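Letters A, B, ... mirror the listed sequences (proteins, then strands); counts begin at 1. Values in this document were obtained by computation on a predicted structure and should not be read as measured data.
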Amino acid sequence: MPKTEGDPLGPGFEWRLSTELNRIRPRWSSPRYLKAAPHRVGTWRLAPAGLVVGVIGILALSAFAATGSANPVVWEQRIVTTIQPIVLPEVTPVSPANPAPAQREVAPAPEPTSHEETRPKTQAGSESPEPSQRPNGGDDHSGSHESSGSAGD
Amino acid sequence: MPVIPDMPAREDANAETYRPGSPEDFDRLYRTAYPRVYRTLAAILADPAEAEDCAQDAFVQAFGAWKRWRPDAPAEAWVHRIAVNRAISYRRRAKLRTVGEVLRRLGRPVGPADPAEAATQPDLLTALRSIPPKLAAAIVLRHYHGYNNREIAAALGVSERTIGTRLLQAGQKLRAVLQPSFSLGASSAFPSDNREKYAED
């Protein structure tokens with residue numbers, strides 16, 4: 001009999017309450033906490049992995065939507081082509097000074113070869129009026145040309 | 001139908017010690033306390049399936065917090081607290097559902113009550129289920145499980161004074177409900193001077 005300190009509602013009440021509650025027989029059901037516990041632990045352990053998988057999935061979907069291709073190589077190329085224009089404008093304030101020397105350095109390189117190849121042809125081949133019309137040549141023999149021209153006229 | 005056998009009395013259960021976080025000890029607590037918690041809930045909730053559901057949910061919640069349980073409080077009382085709180089929430093929701101159902105069926109004829117069910121339904125349990133769940137829980141914990149006011153107060157997380165008031169109110173309400181049919185000496189079962197006796201505990 002459970003202990004009580006006094007019986008303020010009367011002995012009949014406690015007897016009846018005990019009788020009616022003892023009549024109730026709880027049905028046997030497997031403890032629900034045994035099913036819930038491993039699930040909870042597993043969920044918490046797998047949560048970071050699930051988060052990573054979710055983020056990668058979202059990134060892959062967005063990349064697929066942006067490129068229209070399921071090939072990750074294409075995504076990488078797209079990223080490179082997207083990032084380059086973003087990076088270049090930051091460099092542009094500095095670039096006007098730099099490209100000019102680069103062009104100067106690059107441009108003279110093919111010239112000597114072309115001159116070396118063309119000069120012998122011009123010298124060896126037919127005489128063209130162009131070398132004589134060059135300003136250098138004109139300056140050297142300006143007096144003779146004028147005199148010859150004026151003499152001819 | 002398989003039935004959980006009767007477990008040792010509360011005094012024997014108190015003699016057992018539980019280690020917080022130990023699954024084996026929680027299994028032992030479940031075997032000891034489940035029938036008693038179930039009966040407490042059966043006195044609050046009308047449907048046995050609801051009582052079973054609440055009891056199982058309470059043990060699931062208790063198992064989740066088992067590592068944080070402090071041995072200074074009785075384990076069964078702690079589970080009782082969780083279970084009673086769940087039952088209170090359950091009855092509150094059920095009441096809202098009932099109000100909605102009544103409004104939905106307003107105007108329709110109400111069918112007669114099942115006479116077989118009425119005959120098998122004990123009056124005292126019906127009366128207990130009709131009073132507020134906090135009052136019913138106080139009555140069951142005090143007069144069935146044998147807790148004193150201090151233990152009930154610790155279990156339910158309220159003051160002893162509140163428990164005294166709840167027991168008094170529960171007695172008054174039960175007397176009002178059971179007066180016509182209570183045949184076990186209603187006058188002696190519900191004396192008018194209960195206030196002093198509850199206040200002494």
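- Separating the CG atom in B/L128 from the CG atom in A/L21 is a distance of 7.5 Å, to the nearest 0.5 Å.
- Taken to the nearest 0.5 Å, the CD atom of B/E52 stands 7.0 Å off from the CZ atom of A/R32.
- Closest heavy-atom contact between A/S30 and B/Y30: C-OH, 4.5 Å.
- Side-chain contact between B/Y144 and A/N22 is present, with at least one heavy-atom pair separated by less than 4.5 Å.
- For the pair B/R39 and A/P26, the minimum side-chain heavy-atom distance is below 4.5 Å.
- Taking the side chain as every heavy atom from C-beta outward, A/Y33 and B/D27 approach each other to under 4.5 Å.
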Test log, rule side chain to side chain contact (heavy atoms under 4.5 Å, CB included), inputs A/L34 and B/F63: CA-CA 9 Å; A/L34 289 178; B/F63 188 68; 5.8 Å; no
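- Both the backbone and the side chain of B/F59 come within contact range of chain A, each with at least one heavy atom under 4.5 Å from a heavy atom of that chain.
- Between atom CZ of residue A/R16 and atom NE2 of residue B/H143 there is a gap of 15.0 Å, rounded to the nearest 0.5 Å.
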